[in-house]
Trainee: 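Once you've had a glance at the structure underneath, I'll fire off some questions.
The sequence lines fix the lettering, A, B, ..., with proteins before strands; numbering per chain opens at 1.
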Amino acid sequence: SDNTKEGFLSRMALNDNKAGMEGLDRDKINKIIMETSKGSRFYENELKKEQQVNQRIEKMMLQKAQITEQQLKKAQAQVERVALELERSRDLTRVIVHVDMDAFYAAVEMRDCPELKDKPMAVGSMSMLSTSNYHARKFGVRAAMPGFIAKKLCPNLVIVPPNFDKYRAVSDEIREIFADYDPHFQPVSLDEAYLDFTDHLEKRQSWPEIMFYYDSIAPFTLLGIAPNMMLAKVCSDKNKPNGQYVLPSTREAVMDFVQALPVRKVSGIGKVSEKMLNALGISSCSHLAQQMALLSLLFSETSWHHFMQVSLGLGSTYIPRHEERKSMSTERTFKELSKVEEQLSLCRELCEDLAEDMKKEDLKGKTVTLKLKNVNFEVKTRALTLQYAVATADEIFAVAKDLLKMEIENESPQPLRLRLMGN
DNA sequence: GCGGATCAC
DNA sequence: TATGGTGATCCGC
(Lines give C-alpha, C1' and ligand atoms only; values in the text may rest on other atoms or scores of the structure.)
Protein backbone atom coordinates (compact mmCIF):
# COMPACT_ATOMS: atom_id res chain seq x y z
CA SER A 1 0.00 0.00 0.00
CA ASP A 2 2.64 2.53 -0.95
CA ASN A 3 1.39 6.08 -1.17
CA THR A 4 1.26 8.56 -3.98
CA LYS A 5 4.95 9.35 -4.14
CA GLU A 6 4.90 8.61 -7.82
CA GLY A 7 3.34 12.01 -8.28
CA PHE A 8 -0.04 10.91 -9.52
CA LEU A 9 -3.09 9.21 -8.16
CA SER A 10 -4.12 5.75 -9.13
CA ARG A 11 -7.73 6.92 -9.19
CA MET A 12 -7.03 9.62 -11.74
CA ALA A 13 -4.44 8.07 -13.99
CA LEU A 14 -5.35 6.82 -17.43
CA ASN A 15 -7.52 3.78 -17.39
CA ASP A 16 -6.11 1.58 -20.13
CA ASN A 17 -8.45 -1.22 -19.29
CA LYS A 18 -10.50 -0.26 -22.33
CA ALA A 19 -9.85 -1.35 -25.85
CA GLY A 20 -7.97 0.86 -28.28
CA MET A 21 -5.49 1.90 -25.64
CA GLU A 22 -2.64 -0.37 -26.64
CA GLY A 23 0.77 0.98 -27.42
CA LEU A 24 0.21 4.58 -26.42
CA ASP A 25 2.47 6.71 -24.30
CA ARG A 26 0.93 6.23 -20.88
CA ASP A 27 3.51 8.29 -19.02
CA LYS A 28 3.10 11.28 -21.26
CA ILE A 29 -0.69 11.07 -21.10
CA ASN A 30 -0.73 10.71 -17.33
CA LYS A 31 1.58 13.69 -17.01
CA ILE A 32 -0.82 15.87 -19.00
CA ILE A 33 -3.82 14.64 -17.01
CA MET A 34 -2.08 15.38 -13.72
CA GLU A 35 -0.77 18.77 -14.75
CA THR A 36 -4.21 19.82 -15.90
CA SER A 37 -5.91 18.56 -12.75
CA LYS A 38 -3.43 19.51 -10.07
CA GLY A 39 -4.58 22.05 -7.50
CA SER A 40 -8.23 21.88 -8.55
CA ARG A 41 -10.92 21.22 -5.95
CA PHE A 42 -11.77 18.07 -7.80
CA TYR A 43 -8.19 16.85 -7.54
CA GLU A 44 -7.98 17.67 -3.84
CA ASN A 45 -11.11 15.65 -3.19
CA GLU A 46 -9.77 12.72 -5.19
CA LEU A 47 -6.62 12.88 -3.10
CA LYS A 48 -8.70 12.71 0.06
CA LYS A 49 -10.66 9.71 -1.19
CA GLU A 50 -7.45 7.98 -2.16
CA GLN A 51 -6.08 8.43 1.38
CA GLN A 52 -9.24 6.85 2.75
CA VAL A 53 -8.78 3.81 0.55
CA ASN A 54 -5.17 3.55 1.67
CA GLN A 55 -6.30 3.60 5.28
CA ARG A 56 -8.79 0.86 4.58
CA ILE A 57 -5.99 -1.20 3.11
CA GLU A 58 -3.71 -0.57 6.07
CA LYS A 59 -6.46 -1.72 8.40
CA MET A 60 -6.89 -4.86 6.35
CA MET A 61 -3.16 -5.58 6.40
CA LEU A 62 -3.15 -5.26 10.20
CA GLN A 63 -5.97 -7.75 10.39
CA LYS A 64 -4.08 -10.06 8.11
CA ALA A 65 -0.99 -9.92 10.32
CA GLN A 66 -3.03 -11.17 13.27
CA ILE A 67 -4.41 -14.22 11.58
CA THR A 68 -3.08 -17.45 13.09
CA GLU A 69 -2.12 -20.64 11.31
CA GLN A 70 -4.98 -22.30 13.15
CA GLN A 71 -7.57 -19.84 11.87
CA LEU A 72 -6.28 -20.15 8.35
CA LYS A 73 -6.50 -23.93 8.44
CA LYS A 74 -10.05 -23.80 9.66
CA ALA A 75 -10.93 -21.27 6.98
CA GLN A 76 -9.35 -23.49 4.35
CA ALA A 77 -11.62 -26.36 5.33
CA GLN A 78 -14.65 -24.09 5.19
CA VAL A 79 -13.62 -22.77 1.79
CA GLU A 80 -13.26 -26.29 0.45
CA ARG A 81 -16.71 -27.24 1.67
CA VAL A 82 -18.26 -24.21 -0.05
CA ALA A 83 -16.29 -24.92 -3.22
CA LEU A 84 -17.65 -28.47 -3.37
CA GLU A 85 -21.17 -27.23 -2.88
CA LEU A 86 -20.80 -24.61 -5.61
CA GLU A 87 -19.25 -27.16 -7.91
CA ARG A 88 -22.34 -29.33 -7.59
CA SER A 89 -24.46 -26.40 -8.78
CA ARG A 90 -22.41 -25.88 -11.94
CA ASP A 91 -24.63 -25.78 -15.02
CA LEU A 92 -23.00 -25.83 -18.46
CA THR A 93 -26.19 -26.37 -20.45
CA ARG A 94 -27.16 -22.77 -21.17
CA VAL A 95 -25.81 -20.57 -23.95
CA ILE A 96 -25.71 -16.99 -22.69
CA VAL A 97 -24.82 -14.12 -25.01
CA HIS A 98 -23.68 -10.68 -23.93
CA VAL A 99 -23.99 -8.02 -26.63
CA ASP A 100 -22.09 -4.78 -26.34
CA MET A 101 -22.03 -2.05 -28.96
CA ASP A 102 -18.60 -0.65 -28.45
CA ALA A 103 -18.33 3.14 -28.65
CA PHE A 104 -22.04 3.16 -29.36
CA TYR A 105 -22.81 6.90 -29.26
CA ALA A 106 -19.69 7.67 -31.30
CA ALA A 107 -20.61 4.96 -33.83
CA VAL A 108 -24.09 6.39 -34.34
CA GLU A 109 -22.69 9.90 -34.80
CA MET A 110 -20.15 8.64 -37.36
CA ARG A 111 -22.87 6.77 -39.25
CA ASP A 112 -24.80 10.03 -39.60
CA CYS A 113 -21.79 12.18 -40.34
CA PRO A 114 -19.19 10.20 -42.29
CA GLU A 115 -16.60 13.01 -42.22
CA LEU A 116 -16.19 12.22 -38.54
CA LYS A 117 -14.95 8.73 -39.38
CA ASP A 118 -11.40 9.84 -40.09
CA LYS A 119 -11.18 12.27 -37.22
CA PRO A 120 -10.60 11.85 -33.51
CA MET A 121 -14.01 12.49 -31.99
CA ALA A 122 -15.92 12.10 -28.77
CA VAL A 123 -19.52 12.49 -27.64
CA GLY A 124 -20.09 14.77 -24.67
CA SER A 125 -19.11 18.27 -23.57
CA MET A 126 -16.08 20.18 -22.34
CA SER A 127 -17.09 19.04 -18.84
CA MET A 128 -17.61 15.35 -19.52
CA LEU A 129 -17.27 12.83 -22.34
CA SER A 130 -19.53 9.79 -22.70
CA THR A 131 -17.46 7.92 -25.23
CA SER A 132 -14.80 8.39 -27.89
CA ASN A 133 -13.98 6.77 -31.22
CA TYR A 134 -10.85 4.72 -31.84
CA HIS A 135 -8.90 7.59 -33.40
CA ALA A 136 -9.37 9.58 -30.21
CA ARG A 137 -8.46 6.62 -28.01
CA LYS A 138 -5.00 6.62 -29.55
CA PHE A 139 -4.46 9.94 -27.79
CA GLY A 140 -5.72 8.62 -24.46
CA VAL A 141 -9.15 10.21 -24.85
CA ARG A 142 -11.75 8.02 -23.20
CA ALA A 143 -15.20 7.89 -21.60
CA ALA A 144 -15.65 9.69 -18.27
CA MET A 145 -12.86 12.14 -19.07
CA PRO A 146 -13.70 15.85 -19.08
CA GLY A 147 -13.56 17.37 -22.55
CA PHE A 148 -11.14 20.12 -21.59
CA ILE A 149 -8.54 17.55 -20.57
CA ALA A 150 -9.21 15.53 -23.71
CA LYS A 151 -8.54 18.68 -25.74
CA LYS A 152 -5.12 18.97 -24.12
CA LEU A 153 -4.35 15.39 -25.08
CA CYS A 154 -5.72 15.81 -28.58
CA PRO A 155 -6.15 19.43 -29.74
CA ASN A 156 -7.91 18.34 -32.94
CA LEU A 157 -10.55 16.37 -31.07
CA VAL A 158 -14.09 16.99 -32.32
CA ILE A 159 -16.59 16.99 -29.47
CA VAL A 160 -20.16 16.21 -30.54
CA PRO A 161 -22.98 17.01 -28.11
CA PRO A 162 -25.03 13.91 -27.27
CA ASN A 163 -28.33 13.15 -29.05
CA PHE A 164 -29.93 10.74 -26.63
CA ASP A 165 -33.21 10.56 -28.52
CA LYS A 166 -31.34 9.29 -31.54
CA TYR A 167 -29.41 6.69 -29.54
CA ARG A 168 -32.66 5.54 -27.97
CA ALA A 169 -34.23 5.13 -31.41
CA VAL A 170 -31.31 3.03 -32.67
CA SER A 171 -31.38 1.04 -29.46
CA ASP A 172 -35.10 0.34 -29.91
CA GLU A 173 -34.48 -1.05 -33.41
CA ILE A 174 -31.83 -3.37 -32.10
CA ARG A 175 -33.95 -4.49 -29.18
CA GLU A 176 -36.66 -5.60 -31.56
CA ILE A 177 -34.16 -7.99 -33.08
CA PHE A 178 -33.06 -9.20 -29.66
CA ALA A 179 -36.64 -10.10 -28.85
CA ASP A 180 -36.74 -12.46 -31.85
CA TYR A 181 -33.89 -14.46 -30.43
CA ASP A 182 -34.85 -14.25 -26.77
CA PRO A 183 -38.15 -12.64 -25.77
CA HIS A 184 -36.86 -12.43 -22.20
CA PHE A 185 -33.59 -10.67 -23.02
CA GLN A 186 -32.34 -8.22 -20.44
CA PRO A 187 -31.21 -4.75 -21.57
CA VAL A 188 -28.44 -3.36 -19.38
CA SER A 189 -28.23 0.02 -21.06
CA LEU A 190 -28.93 1.50 -24.50
CA ASP A 191 -25.98 -0.40 -25.95
CA GLU A 192 -25.76 -3.56 -23.92
CA ALA A 193 -27.90 -6.65 -23.30
CA TYR A 194 -27.87 -10.24 -22.13
CA LEU A 195 -29.67 -12.92 -24.15
CA ASP A 196 -30.28 -16.60 -23.51
CA PHE A 197 -29.73 -18.29 -26.87
CA THR A 198 -30.30 -21.85 -25.68
CA ASP A 199 -33.86 -22.23 -26.96
CA HIS A 200 -33.16 -20.40 -30.17
CA LEU A 201 -30.25 -22.69 -30.99
CA GLU A 202 -32.30 -25.79 -30.30
CA LYS A 203 -35.00 -24.67 -32.70
CA ARG A 204 -32.86 -23.32 -35.54
CA GLN A 205 -29.69 -25.33 -35.13
CA SER A 206 -27.64 -22.42 -36.39
CA TRP A 207 -26.13 -19.12 -35.46
CA PRO A 208 -28.10 -16.07 -36.56
CA GLU A 209 -26.93 -13.50 -39.05
CA ILE A 210 -27.27 -10.98 -36.27
CA MET A 211 -23.84 -9.39 -36.77
CA PHE A 212 -24.58 -8.19 -40.28
CA TYR A 213 -27.54 -6.21 -39.16
CA TYR A 214 -25.59 -4.43 -36.45
CA ASP A 215 -22.82 -3.59 -38.85
CA SER A 216 -25.18 -1.35 -40.78
CA ILE A 217 -25.97 0.58 -37.63
CA ALA A 218 -22.89 0.45 -35.48
CA PRO A 219 -19.60 -0.85 -36.82
CA PHE A 220 -18.39 -2.08 -33.47
CA THR A 221 -20.47 -4.93 -32.21
CA LEU A 222 -19.18 -7.32 -29.62
CA LEU A 223 -20.58 -10.67 -28.71
CA GLY A 224 -19.53 -12.75 -25.77
CA ILE A 225 -20.87 -16.28 -25.78
CA ALA A 226 -20.45 -18.46 -22.71
CA PRO A 227 -22.30 -20.77 -20.29
CA ASN A 228 -23.21 -17.97 -17.84
CA MET A 229 -23.66 -14.21 -17.53
CA MET A 230 -20.44 -13.46 -15.70
CA LEU A 231 -18.34 -15.20 -18.35
CA ALA A 232 -20.35 -13.87 -21.31
CA LYS A 233 -19.72 -10.32 -20.12
CA VAL A 234 -15.97 -10.87 -19.91
CA CYS A 235 -15.94 -12.61 -23.29
CA SER A 236 -17.59 -9.72 -25.12
CA ASP A 237 -14.69 -7.56 -24.00
CA LYS A 238 -12.19 -10.03 -25.39
CA ASN A 239 -11.92 -9.31 -29.10
CA LYS A 240 -12.37 -5.54 -29.25
CA PRO A 241 -13.16 -3.92 -31.53
CA ASN A 242 -15.75 -5.71 -33.59
CA GLY A 243 -15.47 -9.34 -32.73
CA GLN A 244 -16.91 -12.21 -30.87
CA TYR A 245 -15.54 -14.75 -28.48
CA VAL A 246 -17.06 -18.13 -27.81
CA LEU A 247 -16.11 -19.87 -24.62
CA PRO A 248 -16.80 -23.62 -24.94
CA SER A 249 -19.17 -25.18 -22.44
CA THR A 250 -16.73 -27.50 -20.74
CA ARG A 251 -15.43 -27.22 -17.23
CA GLU A 252 -11.88 -27.38 -18.47
CA ALA A 253 -12.26 -24.51 -20.95
CA VAL A 254 -13.98 -22.40 -18.32
CA MET A 255 -11.31 -23.03 -15.69
CA ASP A 256 -8.47 -22.29 -18.12
CA PHE A 257 -10.17 -19.09 -19.16
CA VAL A 258 -10.68 -17.93 -15.60
CA GLN A 259 -7.13 -18.72 -14.48
CA ALA A 260 -5.69 -16.08 -16.75
CA LEU A 261 -8.38 -13.49 -16.10
CA PRO A 262 -7.34 -10.26 -14.34
CA VAL A 263 -9.71 -9.57 -11.44
CA ARG A 264 -10.45 -6.05 -12.72
CA LYS A 265 -12.13 -7.50 -15.81
CA VAL A 266 -14.85 -9.06 -13.70
CA SER A 267 -18.06 -7.06 -13.43
CA GLY A 268 -18.44 -5.94 -9.84
CA ILE A 269 -14.72 -5.67 -9.09
CA GLY A 270 -13.88 -1.99 -9.53
CA LYS A 271 -10.93 0.27 -8.82
CA VAL A 272 -11.08 0.01 -5.04
CA SER A 273 -11.60 -3.73 -4.81
CA GLU A 274 -8.79 -4.21 -7.28
CA LYS A 275 -6.44 -2.12 -5.18
CA MET A 276 -7.34 -4.03 -2.02
CA LEU A 277 -6.81 -7.37 -3.73
CA ASN A 278 -3.53 -6.16 -5.23
CA ALA A 279 -2.33 -5.32 -1.73
CA LEU A 280 -2.77 -9.02 -0.93
CA GLY A 281 -0.78 -10.01 -4.00
CA ILE A 282 -3.89 -10.88 -5.99
CA SER A 283 -4.18 -9.65 -9.56
CA SER A 284 -5.59 -12.58 -11.51
CA CYS A 285 -8.40 -14.98 -10.75
CA SER A 286 -5.94 -17.82 -10.24
CA HIS A 287 -4.51 -15.87 -7.27
CA LEU A 288 -8.06 -15.39 -6.13
CA ALA A 289 -8.51 -19.14 -5.88
CA GLN A 290 -5.16 -19.64 -4.14
CA GLN A 291 -5.90 -17.03 -1.46
CA MET A 292 -9.55 -17.86 -0.84
CA ALA A 293 -9.05 -18.93 2.80
CA LEU A 294 -7.40 -15.61 3.56
CA LEU A 295 -10.12 -13.71 1.70
CA SER A 296 -12.81 -15.49 3.70
CA LEU A 297 -11.23 -14.08 6.87
CA LEU A 298 -10.74 -10.53 5.60
CA PHE A 299 -13.92 -9.90 3.60
CA SER A 300 -17.64 -10.20 4.29
CA GLU A 301 -19.40 -13.43 3.45
CA THR A 302 -21.16 -11.83 0.48
CA SER A 303 -17.84 -10.62 -0.87
CA TRP A 304 -15.81 -13.79 -0.58
CA HIS A 305 -18.65 -15.94 -1.84
CA HIS A 306 -18.68 -13.71 -4.90
CA PHE A 307 -14.90 -14.07 -5.24
CA MET A 308 -15.28 -17.83 -4.95
CA GLN A 309 -17.91 -17.99 -7.68
CA VAL A 310 -15.69 -15.92 -9.95
CA SER A 311 -12.64 -18.07 -9.31
CA LEU A 312 -14.65 -21.16 -10.23
CA GLY A 313 -16.00 -19.55 -13.39
CA LEU A 314 -19.55 -19.67 -12.07
CA GLY A 315 -22.29 -17.14 -12.72
CA SER A 316 -25.97 -16.80 -13.27
CA THR A 317 -27.31 -19.21 -15.91
CA TYR A 318 -30.74 -17.70 -16.18
CA ILE A 319 -31.42 -14.13 -17.11
CA PRO A 320 -33.62 -12.49 -14.50
CA ARG A 321 -36.84 -10.84 -15.59
CA HIS A 322 -36.72 -7.09 -15.50
CA GLU A 323 -37.51 -6.30 -11.90
CA GLU A 324 -39.53 -3.51 -10.42
CA ARG A 325 -37.65 -0.29 -9.85
CA LYS A 326 -36.69 0.54 -6.28
CA SER A 327 -35.93 4.22 -6.58
CA MET A 328 -36.20 7.19 -8.88
CA SER A 329 -34.11 10.32 -8.70
CA THR A 330 -33.07 13.50 -10.45
CA GLU A 331 -29.97 15.59 -9.84
CA ARG A 332 -28.22 18.55 -11.42
CA THR A 333 -24.79 20.18 -11.34
CA PHE A 334 -24.49 23.97 -11.58
CA LYS A 335 -22.26 26.92 -10.80
CA GLU A 336 -21.79 27.65 -7.13
CA LEU A 337 -25.06 28.29 -5.34
CA SER A 338 -24.84 29.80 -1.82
CA LYS A 339 -28.01 31.85 -1.33
CA VAL A 340 -30.65 30.14 0.76
CA GLU A 341 -33.57 31.37 -1.34
CA GLU A 342 -31.93 30.12 -4.53
CA GLN A 343 -31.19 26.75 -2.95
CA LEU A 344 -34.78 26.37 -1.84
CA SER A 345 -36.23 27.33 -5.20
CA LEU A 346 -33.87 24.92 -6.97
CA CYS A 347 -34.96 22.21 -4.57
CA ARG A 348 -38.58 22.91 -5.46
CA GLU A 349 -37.76 22.75 -9.15
CA LEU A 350 -36.09 19.36 -8.72
CA CYS A 351 -39.09 18.08 -6.78
CA GLU A 352 -41.36 19.17 -9.61
CA ASP A 353 -39.20 17.39 -12.19
CA LEU A 354 -39.11 14.27 -10.09
CA ALA A 355 -42.88 14.30 -9.50
CA GLU A 356 -43.38 14.57 -13.24
CA ASP A 357 -41.15 11.55 -13.89
CA MET A 358 -42.93 9.58 -11.17
CA LYS A 359 -46.30 10.42 -12.71
CA LYS A 360 -45.20 8.94 -16.04
CA GLU A 361 -44.69 5.58 -14.36
CA ASP A 362 -47.52 6.06 -11.89
CA LEU A 363 -45.13 5.65 -8.97
CA LYS A 364 -45.14 6.61 -5.31
CA GLY A 365 -42.35 6.51 -2.77
CA LYS A 366 -41.98 6.34 0.99
CA THR A 367 -38.40 7.52 1.40
CA VAL A 368 -37.32 11.00 0.34
CA THR A 369 -33.57 11.51 -0.05
CA LEU A 370 -31.83 14.84 -0.51
CA LYS A 371 -28.38 14.78 -2.11
CA LEU A 372 -25.92 17.66 -1.83
CA LYS A 373 -22.43 18.16 -3.20
CA ASN A 374 -20.48 21.22 -2.12
CA VAL A 375 -17.91 23.13 -4.17
CA ASN A 376 -15.19 20.87 -2.75
CA PHE A 377 -16.96 17.84 -4.26
CA GLU A 378 -17.94 16.44 -0.87
CA VAL A 379 -21.20 14.49 -1.16
CA LYS A 380 -23.87 14.19 1.52
CA THR A 381 -27.24 12.47 1.51
CA ARG A 382 -30.07 13.03 3.98
CA ALA A 383 -33.09 10.76 3.97
CA LEU A 384 -36.43 10.46 5.71
CA THR A 385 -38.82 7.54 5.50
CA LEU A 386 -42.52 8.32 5.86
CA GLN A 387 -45.37 6.06 6.97
CA TYR A 388 -47.20 6.78 3.76
CA ALA A 389 -46.12 7.04 0.12
CA VAL A 390 -45.87 10.41 -1.60
CA ALA A 391 -46.01 11.36 -5.28
CA THR A 392 -46.74 15.04 -5.86
CA ALA A 393 -44.19 17.85 -6.04
CA ASP A 394 -45.68 19.55 -3.00
CA GLU A 395 -45.54 16.41 -0.89
CA ILE A 396 -41.94 15.68 -1.83
CA PHE A 397 -40.86 19.28 -1.40
CA ALA A 398 -42.42 19.46 2.05
CA VAL A 399 -39.95 16.77 3.16
CA ALA A 400 -36.96 17.81 1.04
CA LYS A 401 -37.29 21.42 2.20
CA ASP A 402 -36.95 20.39 5.84
CA LEU A 403 -33.95 18.20 5.11
CA LEU A 404 -32.31 21.08 3.23
CA LYS A 405 -33.10 23.61 5.96
CA MET A 406 -31.54 21.31 8.54
CA GLU A 407 -28.34 21.16 6.56
CA ILE A 408 -28.28 24.93 6.08
CA GLU A 409 -28.84 25.38 9.81
CA ASN A 410 -26.14 22.86 10.54
CA GLU A 411 -23.57 24.81 8.60
CA SER A 412 -24.59 28.30 9.67
CA PRO A 413 -23.37 30.93 9.97
CA GLN A 414 -21.37 29.64 6.98
CA PRO A 415 -23.52 29.24 3.88
CA LEU A 416 -23.81 25.91 2.07
CA ARG A 417 -21.79 26.30 -1.11
CA LEU A 418 -23.37 23.82 -3.44
CA ARG A 419 -22.43 22.53 -6.89
CA LEU A 420 -25.05 19.80 -7.10
CA MET A 421 -28.44 19.01 -5.71
CA GLY A 422 -30.66 15.97 -6.20
CA ASN A 423 -33.58 14.06 -4.75
C1' DG B 1 -33.70 2.95 8.56
C1' DC B 2 -29.49 6.02 7.51
C1' DG B 3 -25.30 7.56 5.40
C1' DG B 4 -21.13 6.69 3.14
C1' DA B 5 -18.92 4.00 -0.50
C1' DT B 6 -18.51 1.25 -4.45
C1' DC B 7 -19.89 -0.12 -8.97
C1' DA B 8 -21.84 -0.16 -13.74
C1' DC B 9 -22.96 2.34 -17.75
C1' DT C 1 -13.96 28.28 -17.34
C1' DA C 2 -14.61 23.46 -16.93
C1' DT C 3 -14.66 16.56 -13.63
C1' DG C 4 -22.07 13.82 -15.13
C1' DG C 5 -26.62 11.48 -14.07
C1' DT C 6 -29.32 7.28 -12.63
C1' DG C 7 -29.96 3.17 -10.21
C1' DA C 8 -28.43 -0.60 -7.36
C1' DT C 9 -26.07 -2.76 -3.53
C1' DC C 10 -23.26 -3.40 0.61
C1' DC C 11 -21.37 -2.32 5.12
C1' DG C 12 -21.46 -0.65 9.62
C1' DC C 13 -23.90 1.43 12.44
Trainee: Starting at CE of A:M101 and ending at C1' of B:dC9, how long is that distance when rounded to a whole Å?
Mentor: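 After rounding, the gap between these two atoms is 13 Å.
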Trainee: Would the distance check show the side chain of A:S171 and the main-chain N or O of A:Y167 forming a donor-acceptor pair, the cut-off being under 3.5 Å?
Mentor: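 Between the backbone of A:Y167 and the side chain of A:S171 there is no qualifying donor-acceptor contact (under 3.5 Å).
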Trainee: Less than 4.0 angstrom between a side-chain N/O of A:S40 and OP1 or OP2 of C:dT3, yes or no?
Mentor: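 Indeed not, no polar side-chain atom of A:S40 lies that close.
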Trainee: Applying side-chain contact (heavy atoms from CB on, under 4.5 Å), can you list everything that pairs with A:K233, at least two apart in sequence or on another chain?
Mentor: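 Expected list: A:H98, A:E192, A:Y194, A:S267.
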Trainee: Tell me what A:L190 touches on the nucleic acid: a base, only sugar-phosphate, or nothing, going by heavy atoms under 4.0 Å.
Mentor: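 Since no nucleic acid heavy atom lies under 4.0 Å of A:L190, the category is nothing.
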Trainee: B:dC7 phosphate, OP1 or OP2: any side-chain N/O from A:R11 under 4.0 angstrom?
Mentor: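 So the side-chain polar atoms of A:R11 never come under 4.0 Å of the phosphate oxygens OP1 or OP2 of B:dC7.
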Trainee: In this structure, how many angstroms lie between the C1' atom of B:dC9 and the CG atom of A:L129, rounded?
Mentor: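 About 15 Å, once rounded to whole Å.
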Trainee: Please measure how far the C1' atom in C:dG4 lies from the corresponding atom in B:dC7, and state the result in whole Å.
Mentor: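 The same atom, C1', in both gives a distance of 15 Å.
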Trainee: Are any side-chain N or O atoms of A:N163 and backbone N or O atoms of A:K166, one a donor and one an acceptor, separated by less than 3.5 Å?
Mentor: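 Answer holds: no.
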Trainee: Considering only B:dC9, B:dT6, B:dC2, which nucleotide approaches the side chain of A:A383 most closely?
Mentor: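 The closest nucleotide is B:dC2.
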Trainee: State which of C:dT6, B:dT6, C:dA2 makes the closest approach to the side chain of A:T330.
Mentor: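 Looking only at side-chain atoms, A:T330 lies closest to C:dT6.
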Trainee: Starting at atom OH of A:Y167, determine the distance to atom P of C:dT6, rounded to an integer number of angstrom.
Mentor: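 Rounded to the whole Å, the gap is 17 Å.
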Trainee: Give the ring-plane orientation class for A:F257 versus A:Y245, where under 30° counts as parallel, over 60° as perpendicular and anything between as tilted.
Mentor: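 Correct class here is tilted.
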Trainee: At under 4.0 Å between heavy atoms, what does A:M12 touch on the DNA or RNA strands: base, sugar-phosphate, or nothing?
Mentor: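 Base contact - A:M12 has a heavy atom under 4.0 Å of at least one base atom.
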Trainee: Would a distance-only check, ignoring hydrogens and angles, find a side-chain to backbone donor-acceptor pair under 3.5 Å from A:H322 to A:Q186?
Mentor: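 Here the side-chain-to-backbone pair does not exist.
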Trainee: Which one of A:E409, A:K339, A:E407 satisfies the side chain to side chain contact (heavy atoms under 4.5 Å, CB included) criterion with A:L416?
Mentor: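 Of the listed residues A:E409, A:K339, A:E407, the side chain to side chain contact (heavy atoms under 4.5 Å, CB included) partner of A:L416 is A:E407.
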Trainee: Kindly point out which of C:dG5, C:dG4, B:dG4 is positioned nearest to the side chain of A:E331?
Mentor: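 From the listed options, C:dG5 comes nearest.
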Trainee: To the nearest Å, how far apart are A:M421 CE and C:dG5 P?
Mentor: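 Atom-to-atom, A:M421 to C:dG5, this comes out as 13 Å.
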Trainee: If a protein heavy atom is under 4.0 Å from the base, mark B; if only from the sugar-phosphate, S; if neither, -; do that for nucleotides 8-13 of chain C going 5' to 3'.
Mentor: SS-S--
Trainee: Pair A:F299, A:M60 - check side chain to side chain contact (heavy atoms under 4.5 Å, CB included), show working.
Mentor: CA-CA 9 Å; A:F299 288 81; A:M60 179 183 73; 4.1 Å; yes
Trainee: Taking CE from A:M276 and P from B:dC7, how many angstroms apart are they, rounded to a whole number?
Mentor: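 For the pair A:M276 CE and B:dC7 P, the rounded distance is 10 Å.
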Trainee: Under 4.0 Å, counting only non-hydrogen atoms across every strand here, what does A:K49 touch: a base, just sugar-phosphate, or nothing?
Mentor: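 It contacts nothing in the nucleic acid.
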Trainee: From C-beta outward on A:R382, which listed nucleotide comes closest to its side chain: B:dA5, C:dG5, B:dG4?
Mentor: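 It is B:dG4.
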Trainee: Side chain of A:L384 only, heavy atoms from C-beta on: which candidate in B:dC2, C:dA2, B:dA5 is closest?
Mentor: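 When the side chain of A:L384 is considered, B:dC2 is the closest of B:dC2, C:dA2, B:dA5.
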Trainee: Just N and O in the side chain of A:T381: are any of them under 4.0 Å from OP1 or OP2 of B:dC2?
Mentor: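 It does not, given that no N or O in the side chain of A:T381 lies less than 4.0 Å from OP1 or OP2 of B:dC2.
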Trainee: A:K371 or A:S127: which one's nearest nucleotide on DNA chain C is closer to the 5' end?
Mentor: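 Residue closer to the 5' terminus by nearest nucleotide: A:S127.
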Trainee: Just to confirm, is there a sub-4.0 Å distance from OP1 or OP2 of C:dT6 to any side-chain nitrogen or oxygen of A:S329?
Mentor: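 The answer is no; no side-chain N or O of A:S329 sits under 4.0 Å from OP1 or OP2.
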Trainee: Measure the distance from NZ on A:K366 to C1' on B:dC2 and round it to the nearest whole Å.
Mentor: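 Going from NZ in A:K366 over to C1' in B:dC2 covers 16 Å.
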Trainee: Between A:K373 (NZ) and C:dG4 (C1'), how many Å, whole number?
Mentor: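 In whole Å, C:dG4 C1' lies 7 Å from A:K373 NZ.
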Trainee: So what does A:R41 touch, heavy atoms closer than 4.0 Å: a base, only the sugar-phosphate, or nothing?
Mentor: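 The answer is nothing, as A:R41 stays clear of every strand by at least 4.0 Å.
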Trainee: Heavy atoms under 4.0 Å, any strand shown: does A:Q52 hit a base, just sugar-phosphate, or nothing?
Mentor: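 Since only primed, P, OP1 and OP2 atoms lie under 4.0 Å of A:Q52, the category is sugar-phosphate.
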Trainee: Return whichever of A:S267 or A:L386 has its heavy-atom-nearest nucleotide of DNA chain B closer to the 5' end.
Mentor: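 Its nearest nucleotide being more 5', the pick is A:L386.
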Trainee: What integer distance in Å separates A:L363:CG from C:dG7:P?
Mentor: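 Interatomic distance, CG of A:L363 to P of C:dG7: 10 Å.
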Trainee: Once hydrogens and angles are ignored, does a donor-acceptor distance under 3.5 Å link the base of C:dT3 to the side chain of A:S37?
Mentor: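 Per atom types, the contact qualifies.
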Trainee: Do A:K64 side-chain atoms and A:L298 backbone N/O form a donor-acceptor pair below 3.5 Å?
Mentor: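 Absent.
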Trainee: Answer yes or no: does a side-chain N or O of A:S273 lie under 4.0 Å from OP1 or OP2 of B:dC7?
Mentor: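 So the side-chain polar atoms of A:S273 do come within 4.0 Å of the phosphate oxygens OP1 or OP2 of B:dC7, strictly under.
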Trainee: Closest nucleotide of DNA chain C for A:D357 versus for A:P146: which of these residues is on the 5' side?
Mentor: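 Result: A:P146.
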Trainee: Please confirm whether the backbone N or O of A:G313 pairs with a side-chain atom of A:N228, one donor and one acceptor, at under 3.5 Å?
Mentor: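 Looks like yes, one N/O pair under 3.5 Å.
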